[in-house]
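Note that the structure is predicted; figures quoted are calculated from it, not measured.
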Amino acid sequence: MENLLRKGIREALISLYKSDVPDESIQLQKTRKEFSGDMTLVVFPLLKNSHRSPEQTANDIGEYLLGNLKSVSSFNVIKGFLNITVAPREWASRLQSIRVTRNWGFTEAGPEAEVIVIEYSSPNTNKPLHLGHIRNNLLGFSLSRLTAAAGKKVIRTNIVNDRGIHICKSMVAWKLFGNGETPENSRKKGDHLVGEYYVLFDRKYKEQVAGLEAAGSTPEEARENAPLMLAAREMLLRWEAGDAETLSLWKMMNSWVYAGFDVTYKALGVEFDRIYYESETYKTGRQLVLEALNSGLLFRKDDGSVWVDLTAEKLDQKLLLRSDGTAVYMTQDLGTAVLRYNDFSFNRHIYVVGNEQNYHFQVLALVLLRMGYQWARGLHHFSYGMVELPEGKMKSREGTVVDADDLITEMTDTARAMSQELGKLGGFTESEKEDIFRKIGLGALKYYILKVDPKKNMTFNPAESIDFNGNTGPFIQYTYTRIKSVLNKGMETGITPGEPLFDDVTPDPKEINIIKLLNDFPAVVSEAAEALSPSLIANYCYDLSREFNQFYHDLPILGEENREKRNFRLNLTEMTGIIIEKGLWLLGIEAPERM
RNA sequence: GGUUCCGUAGCUCAGUUGGAUAGAGCAACAGCCUUCUAAGCUGUGGGUCGAGCGUUCGAGUCGCUCCGGAAUCACCA
């Protein structure tokens, strides 16, 4: 449609003014709602060619299009804007071609497809997932679907931070105070259980520090010499030395955590193709750093610590190995990146990590380049904003962290309560109902998070909770179930979307609005994949749902007397359902059949 | 202090490569269920797009300077 108009406009310019213009000077856009018309040409850039006033120019082109293009039915000129109305029947045939295209902007990954590694989630094994992780997981998973839809070969990875002093703290606390508590005998979820010991460590440790300070130690001494801290340090040394008993405790507690994470991941509906563990990558990182040091790319300070000097890149010097030779965060990530490149030879590597680590990823790419890895140019930090509470940041100390499992349960509970209040879902078994409540609750949560521009910080108000009315996931899901309901009802009465014989159908304005949106979908998908922005998809789904609900309300679908018109509406309805389902799929939101 | 990001209605957020009178939802108020699902639809009120200057025929959008907020600049991860 747009291309047709472009071609016509170019012909008009040649015929009227004997001059051709570059494509970007032909600014075609959708006509704003308050004006009549479908497409609008902004004529200001064309005045150089016409040497006439904006109104005259617009009028000239309008007349030409009306006379020469069958699909243009009328036009009007307001200031420098030429509003072109496309013949309604043109839209009807547009729906037909959308219907037969059948790929809706989704591209299959061919053998030559670009390989993209997406890392997301990246949990620590000493505490359960919270709201911040939810944003990470949802963004990462949706990005993986978006890039896959754009024809890339996507590998979803996770890096589990399973080593270090923080893990040892949980281990020490469990050993001292645990009395053999396990997820089985306590019926607690493994990650929560381990998290409790991490918190317990912190509490007991603070008591000890306070005790030492009362006995005359300086605060610094107290922090260093508290027995619990000494025990944790010793545990870390034993871990690094490969002590069998320590390793077996570590493996046992980590397995609890992983079992817990699996439950949360499953509830969120996210998946990974390959999981990396820092306990397996940090040694590679250290090796890389030592090799680079030998090649003179890095330098060693007097105390033995190894650094990279990035002052030439306007950054600081950055530590890569501690004076005792142990690895830091950066070292591990260097190792992980190289291992991944060896595994997948990726073209691009997207890290879904919060914006508090912008500096870290800037340095990571620079260091890899310094080491001679040209592929590091393909590293991309997908930096998203924090989730804040109305009072500010979530703080575990103040108990204001929103736990992921709790939130998921709460959302499902709310969906259940709301559904009962509305008196819905008669005739379903309990397990069917629960499945629907889960889809709705999760849909609300996911949409709430994904509709927001990823790079912005967002506010989550637990008291007001997440809405189920208005611009929400359930609204879109509801629209989808309405569509299903119409199609089912039609099928029962023998009315199904048949062959599209749309030649004689003149669509209503509301129908044209929907066709326009359906027509946009492929462009929205590729734009969202390009911009790595699930929020574009989310907002598109909302617009389409809104448009459909208005149409649904005002016009009969099954009740339409005219057979062709009814068939047309059914096809429109069916197509809308398909596109909404596709859009929700890109967001990782499930579409219930009924609700 | 350096670097990066953000600032749009009372609240939560949209706003395509610069285009016309800046949009939704929530909250408030007023309507609409004998009808394909009312988790819906319709209407009313609500804005110096943080401030200023500049570029442009045209700026919420681009540039500069301020103001406000966040993150980061660890031998934490």
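Aromatic pair A:Phe551/A:Phe548: centroids less than 6.0 angstrom apart.
Using C1' as the reference atom, B:U21 and B:G63 are 27 Å apart when rounded to the nearest Å. Using atom C1' as the reference point in both B:C29 and B:U34, the two lie 28 Å apart (nearest Å). Look at the P atom in both B:A14 and B:G1: the space between them is 30 Å, to the nearest Å. If you take atom C1' in B:A20 and the same atom in B:A59, they sit 13 Å apart, rounded to whole Å. A gap of 23 Å separates the C1' atoms of B:G19 and B:A9, to the nearest Å.
Put simply, the side chain of A:Asn137 gets close to the backbone of A:His133: a donor and an acceptor are under 3.5 Å apart.
With hydrogens and angles left out, the side chain of A:Arg594 and the base of B:U37 share a donor-acceptor pair within 3.5 Å. On a pure distance criterion of 3.5 Å, no polar donor-acceptor pair joins the side chain of A:Asn549 and the base of B:A39.
Between A:Phe460 and A:Tyr448, the ring planes lie perpendicular to each other; the angle is over 60°, past the 30° to 60° tilted range.
Of the nucleotides present, B:G54 is the one that pairs with B:C62 by Watson-Crick or G-U wobble criteria, both distances under 3.5 Å.
The A:Arg546 side chain lies nearest to B:A24 when the options are B:U37, B:A24, B:G19.
Nearer the 5' end of RNA chain B, as judged by each residue's closest nucleotide, is the contact made by A:Phe44, out of A:Phe44 and A:Ser485.
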